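Pasting in a structure now, in structure tokens, and then I'll have a few things to ask.
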2 protein chains.
Amino acid sequence: MEENAVDSPRVASAVARMRACGERVTPARHAVLRVVDLADRADEHLTAEVIGARVFELAPSVHRATVYRTLTSLTEAGFLSQVHLGGASTIYHLDAPGAAAETDPADAASGPAVEGPPAAGHAHVRCISCGRVLDVPPNAFDSLAARLADGIGFALDPARTALLGTCRACRADTAD
Amino acid sequence: MEENAVDSPRVASAVARMRACGERVTPARHAVLRVVDLADRADEHLTAEVIGARVFELAPSVHRATVYRTLTSLTEAGFLSQVHLGGASTIYHLDAPGAAAETDPADAASGPAVEGPPAAGHAHVRCISCGRVLDVPPNAFDSLAARLADGIGFALDPARTALLGTCRACRADTAD
DNA sequence: CTGCCTGCAAAGGATTTGCACTCAT
DNA sequence: ATGAGTGCAAATCCTTTGCAGGCAG
């Protein structure tokens with residue numbers, strides 16, 4: 001009864017890892033994974049609310065509340081990651097294998113958590129004007145991260161929050 | 001009837017500028033300015049909600065709704081600036097003279113709105129672990145800003161949003 | 001005096017939660 | 001079988017808004 005047939009490799013991988021972790025793979029969770037994966041592929045950045053709406057389209061039997069709970073638990077379990085957009089919204093990404101739980105500092109004993117490269121996950125900036133979210137290669141933050149680490153011992157996590165600014169198009173508009 | 005006696009220079013300056021702009025200086029607005037200024041001086045970073053609470057302590061006759069409205073209007077008028085913390089909260093700072101309205105692009109006909117230097121306002125980072133908000137000199141973002149401007153034509157505004165990460169103390173804890 | 005700002009209270013919308021039930025394992 | 005995950009609906013949170021009155025200018 002698994003309609004995995006249409007799953008992208010990413011979703012399939014996430015499902016497999018979930019099972020391996022003892023996380024249950026339910027229709028609701030599956031639907032959430034698919035919606036988020038689809039958005040990722042389309043370079044869309046979806047909020048919990050929108051994910052809820054799409055999941056509802058895809059599987060009307062899945063309740064909104066469940067979507068919220070799923071987003072929370074899958075994020076905590078390391079299968080999704082959330083990015084805070086300046087303002088109020090939070091968007092979700094499907095996490096690639098390899099970089100899992102940073103959420104649970106307790107079991108971090110294997111890898112370089114701070115000095116090492118940010119591994120997976122790109123950063124984002126959002127245009128104040130048009131609201132569009134743009135992807136930024138993580139290494140763009142390297143010098144800033146280094147500076148913060150050096151200066152105040154702060155380990156920056158660039159992938160977690162989007163900075164604000166004005167995109168090229170809107171800049172042209174405003175400049176007039 | 002002005003109890004300005006205890007006003008810090010910053011508050012006094014803001015009040016003066018407000019009057020000069022034709023903005024009314026009411027007890028409510030005055031209280032908000034004082035609360036925010038006090039927090040600034042104490043390196044505290046207050047959300048609208050907390051500001052509301054403090055204003056209420058200071059002047060119980062001022063209604064919460066008024067605080068929200070005041071924060072909004074004074075921000076738009078350029079006397080306060082808001083910084084989005086990753087998550088959901090927004091904190092407020094008392095703006096120094098010199099840098100005003102970027103919020104209303106419509107009537108921007110007098111000053112350089114986009115190309116100009118970010119002027120006042122430092123940036124922030126917030127610790128995921130302890131929630132503390134740390135100040136960061138704006139120039140720390142310079143190379144990132146340059147990179148974004150150069151690469152995708154994006155005009156970064158580092159002062160508007162706080163990035164997340166882990167502070168030195170919490171890093172020590174986690175590292176164990 | 002005029003109109004901006006305020007107080008009040010009620011609306012608003014997104015997210016969360018208690019509970020009993022269902023289904024994945 | 002067993003409990004994690006779910007559906008439902010109500011509660012909750014912060015914030016916003018309509019309106020009439022008050023005060024700053």
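Because the structure is a prediction, the values reported are computed rather than measured. Lettering of chains follows the sequences in order, A, B, ..., and the numbering in each one begins at 1.
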Spacing of B:L74 atom CG relative to C:dC5 atom C1', expressed in whole Å: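 Nearest whole value for this atom pair: 11 Å.
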
Can you tell me the distance, in whole Å, between the CG atom of B:L46 and the P atom of D:dC14?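 In whole Å, D:dC14 P and B:L46 CG are 15 Å from each other.
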
Ignoring the backbone of A:E49, work out which of D:dG7, C:dA14, D:dT6 is nearest its side chain.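 The listed nucleotide nearest to A:E49's side chain is C:dA14.
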
Would B:N139 and B:H122 count as having a side-chain donor-acceptor pair, cut-off 3.5 Å?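 No, no side-chain donor-acceptor pair sits under 3.5 Å.
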
How large an angle, rounded to 10°, do the end axes of the helix from C:dC1-D:dG25 to C:dT25-D:dA1 enclose when each is built from five base pairs?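 Angle reported: 40°, given to the nearest ten degrees.
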
For DNA chain D, whose closest nucleotide is more 5', that of B:T47 or that of A:P60?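 The residue closer to the strand's 5' end, by nearest nucleotide, is A:P60.
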
Side chains of A:T161 and A:H84: any donor to acceptor distance under 3.5 Å?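 There is no such pair (donor and acceptor under 3.5 Å, judged by atom type) between the side chains of A:H84 and A:T161.
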
Minimum heavy-atom separation for B:H93 and B:V36, please, with both atom names.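 The pair with the smallest heavy-atom distance is C-CG1, 3.7 Å.
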
Flag the pair B:M18 / B:R24 as yes when at least one side-chain heavy-atom distance between them is below 4.5 Å, and no otherwise.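 No - every pair of side-chain heavy atoms lies 4.5 Å or more apart.
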
Heavy atoms only: give me the nearest B:A159-B:V83 pair and the separation to one decimal.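 Of all heavy-atom pairs spanning B:A159 and B:V83, the closest is O-CG2, 3.4 Å.
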
Is A:R147 salt-bridged to A:D150, cutoff N-O under 4.0 Å?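 A salt bridge is absent here (no side-chain N lies under 4.0 Å from a carboxylate O).
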
Side-chain N or O of A:T70 less than 4.0 angstrom from OP1 or OP2 on D:dG5?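 Checking D:dG5 against A:T70, no side-chain N or O comes under 4.0 Å of OP1 or OP2.
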
Detail all sub-3.5 Å separations between protein N/O atoms and N/O atoms belonging to nucleotides 16-24 of chain C.
from, atom 1, to, atom 2, distance (Å)
C:dG18, O6, A:R69, NH1, 3.3

What is the distance from CD of A:E76 to P of D:dA4, rounded to the nearest Å?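 From A:E76 CD to D:dA4 P: 15 Å.
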
Between C1' on D:dT6 and CZ on A:F56, what's the gap in Å once rounded to a whole number?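 Result: 15 Å.
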
Taking NZ, NE, NH1 and NH2 as the nitrogens, is one of them in B:R54 or B:E44 under 4.0 Å from a carboxylate oxygen of the other?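 Here B:R54 pairs with B:E44 in a salt bridge, since their nearest N and O are under 4.0 Å apart.
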
B:L71 CG to C:dT6 C1', straight-line distance once rounded to whole Å: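 Roughly 15 Å, once rounded to whole Å.
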
Distance-only polar pair, side chains of B:T166 and B:S129, donor-acceptor under 3.5 Å: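 Side chains of B:T166 and B:S129: no pair found under 3.5 Å.
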
Spacing between B:H84 atom NE2 and D:dT15 atom P, to the nearest angstrom: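 Those two atoms, NE2 and P, are 12 Å apart.
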
Rounded to whole Å, how long is the line connecting atom CD of B:Q82 with atom C1' of D:dT15?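 For the pair B:Q82 CD and D:dT15 C1', the rounded distance is 13 Å.
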
What is the separation between atom NE2 on B:H30 and atom P on C:dC5, rounded to the nearest whole Å?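 Distance, rounded to whole Å: 16 Å.
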
Would you say that A:V125 contacts B:F154 through its side chain, given a criterion of any heavy-atom pair below 4.5 Å between the two side chains?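 Yes; the side chains approach each other to less than 4.5 Å.
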
Quick one: is B:S61 getting a side-chain N or O under 4.0 Å of the C:dT6 phosphate, OP1 or OP2?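 So the side chain of B:S61 is outside the cut-off, no N or O lying under 4.0 Å from OP1 or OP2 of C:dT6.
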
